[in-house]
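Counting starts at 1 for both ligands and their atoms, following the listed order. Given the structure is predicted, the values throughout are model-derived calculations rather than measurements. Side chains are part of it too, since the values below use all heavy atoms of this structure and drop only hydrogens, waters and symmetry mates.
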Amino acid sequence: MDRLLTILSDGRYHSGENLGKELGISRSAVWKQAQKISLLGILLESKKGCGYRISGGLELLDINLIHRQLSAAVKPLLLKIQLLSTVSSTNILARQRAEQDNASGWVVLAEEQTSGRGRRGKSWVSPYGCNLYLSLVWGFDGGVKEIEGLSLAVAVVVLRGLRLLGVEGLSLKWPNDLLYQNKKIGGILLEVVGDPSGYCQVVIGVGVNINMSGQFSGSIAQAWANVSELSDSRVGRNQLAGIIIDQLLLLLSKYKKTGFVGYKEEWLQHDAFMNKKVKLLMMNNSVEGIVRGIDNSGALILEVDGAVKIFSGGEISLRGFE
Ligand code: BTN
């Protein structure tokens, strides 16, 4: 099916007969594969006398196009970029890789995730060929104290990467969601492998909705948006992947020195909830208050009944009021 998708990715009509010849299969086998492509959520048109086409085309991941976006400074930091057609979760794979060996600088991207994972045990809807799902591994020798605030800094550089491609109007929701008009456009999931007080590796998972079909709305429990809605020109998946990898490697190579403080102001400039009333959902309870910013470690400063309280930790979720 990968080969059929590659041929159809040009957006033009291809007759069943020609497709069969190119793939060395019968026309009815082409038809069967076409049905499978439709099940992936890809809009495949078939027209009598013309054949099949993917309306608007499809930009499949391409290692050369991704590499082209990397600056000379980050190339030595990169171990390898692995591209996969389908995977349970790029984070799971990256964790496995880090558990086996030192994988600092290893990156994996997939066209589709069958069990994409979000924060707080949620799933991340990850259909084929339309969004970005990537994970990057990085090693820190001073334990988890060196990664304080890192997930917020990652959100800052993902937003930077999108802005470099002309995508404006994005904001951040503590700790690390990317929003457009309060609808989620991207999310970040950090996981740590190894010794929390010695050498550990962080798996940084980034998901960005680029061009996901509305048919997936039923499976997503919150309002969401696509990058394609807010950019005049088409945002290339390979270009965005390359720019995000570039930004992440730059960030990671100096994070030990800068810490989160180096990213705090930029995070605050994009804060969607500054001075707004919010509700924080925790494991067993919730608290309401007014957002008063973040501190130097990336923890949330919340005014609760006139008193200032600080909240940190990956298991907290913030909700705004309309
Ligand atoms: C969130 O809940 O906001 C975090 C979403 C993180 C999704 C990305 S997609 C690539 C990587 N692999 C996963 O399974 N999850 C992360």
Side-chain angles (χ1 to χ4, degrees), residues 41 61 66 81-99 103 106-138 150-159 161-162 170-180 182-193 201-212 216 219-227 237-238 240-242 244-245 247-248 267 270 272-273 280-283 298 300 313-320:
L61 295 172
I66 295 175
I81 300 180
Q82 173 102 47
L83 287 193
L84 296 168
S85 175
T86 184
V87 69
S88 58
S89 148
T90 56
N91 259 38
I92 293 180
L93 195 73
R95 277 186 68 143
Q96 287 168 350
R97 181 75 175 71
E99 273 156 11
W106 193 76
V107 182
V108 55
L109 293 109
E111 294 288 3
E112 169 196 50
Q113 298 185 120
T114 52
S115 307
R117 300 167 62 209
R119 287 177 61 237
R120 305 177 82 234
K122 299 221 172 82
S123 59
W124 187 257
V125 174
S126 311
Y128 193 97
C130 52
N131 296 328
L132 197 68
Y133 321 115
L134 82 83
S135 298
L136 186 154
V137 183
W138 195 258
L150 180 63
S151 74
L152 284 83
V154 168
V156 167
V157 301
V158 172
L159 191 144
L162 283 157
L170 295 178
S171 57
L172 298 172
K173 183 178 88 153
W174 187 86
N176 51 25
D177 285 354
L178 280 91
L179 306 180
Y180 175 65
N182 285 336
K183 292 180 277 189
K184 189 147 167 175
I185 217 157
I188 287 148
L189 177 67
L190 256 61
E191 300 184 82
V192 180
V193 173
Q201 296 181 71
V202 185
V203 172
I204 300 170
V206 180
V208 181
N209 300 332
I210 301 180
N211 200 12
M212 181 156 61
F216 296 99
S219 343
I220 306 179
Q222 57 186 319
W224 59 277
N226 274 319
V227 166
R237 293 170 72 222
N238 290 297
L240 182 61
I244 290 179
I245 295 167
Q247 290 287 329
L248 285 176
W267 196 98
H270 294 97
F273 289 95
L280 290 191
L281 307 178
M282 288 162 274
M283 289 285 244
L300 183 78
E315 294 307 309
I316 307 176
S317 178
L318 186 150
R319 296 275 185 280

Check your understanding: Backbone N or O of Ala98 within a donor-acceptor pair of the Gln201 side chain at under 3.5 Å?
Key -> yes

Review point. Under 4.0 Å from any heavy atom of Thr90, which atoms of ligand 1 are there?
Key: 10 (C), 11 (C), 12 (N)

Point to revise | atom 15 (N) of ligand 1 [closest protein heavy-atom partner, distance rounded to 0.1 Å] | key: Arg117 O, 2.7 Å

Check your understanding: Short list, please: which atoms of ligand 1 are under 4.0 Å from a heavy atom of Gly118?
Key -> 1 (C), 2 (O), 4 (C), 5 (C)

Check your understanding: Hey, does the Lys NZ or Arg CZ of Arg117 hover above the aromatic six-ring of Trp124, less than 6.0 Å from the centre and inside 45° of the axis?
Key -> no

Review point. At a non-hydrogen distance cut-off of under 4.0 Å, which region of Ile188 contacts ligand 1 (side chain, backbone, both, or neither)?
Key: backbone

Review point. Would you say Asn131's side chain and Ile210's backbone share a donor-acceptor pair under 3.5 angstrom?
Key: yes

Review point. Quick one: nearest non-hydrogen protein atom to atom 2 (O) of ligand 1, plus distance?
Key: Arg119 N, 2.7 Å

Exercise for review: Consider every N or O of Lys184 and every N or O of ligand 1, then say whether any pair is closer than 3.5 Å.
Suggested key: yes

Point to revise | Nitrogen or oxygen atoms of Trp124 and ligand 1 under 3.5 Å apart | key: no

Point to revise | Atoms in ligand 1 flagged as close to Ser135, the criterion being non-hydrogen separation under 4.0 Å | key: 11 (C)

Study note, to complete from the structure: Per-atom filter on ligand 1: closer than 4.0 angstrom to a heavy atom of Leu134 are 10 (C)

Review point. Hey, is Gln113 one of the residues with a heavy atom under 4.0 angstrom from ligand 1?
Key: yes

**Study point:** Any Arg120 heavy atom less than 4.0 Å from ligand 1
**Key:** no

**Study point:** Check ion pair Glu191-Arg95 (N to O, under 4.0 angstrom)
**Key:** yes

Practice item. Measure from the side-chain N and O atoms of Asn226 to the backbone N and O of Ile185, and report whether any donor-acceptor pair falls under 3.5 Å. Key: no

Practice item. Salt-bridge test for Arg237 and Glu111: reply yes if a basic N is under 4.0 Å from a carboxylate O, no otherwise. Key: yes

Point to revise | Part of Asp177 within contact of ligand 1 (heavy atoms, under 4.0 Å) | key: side chain

Practice item. Compute the shortest N/O to N/O distance between Ser89 and ligand 1 and return yes if it is under 3.5 Å, no if not. Key: yes

Review point. Which atoms of ligand 1 are found less than 4.0 Å from any heavy atom of Gly116?
Key: 14 (O)

Exercise for review: Could you grab the distance from atom CD1 of Ile204 to atom CD1 of Ile188, nearest 0.5 Å is fine?
Suggested key: 9.0 Å

**Study point:** Exam field: side chain Tyr133 to backbone Pro127, donor-acceptor pair closer than 3.5 Å
**Key:** yes

Review point. Looking at Val158, Val156, Val227, Val208, which one forms a side-chain contact (heavy atoms from CB on, under 4.5 Å) with Leu178?
Key: Val158

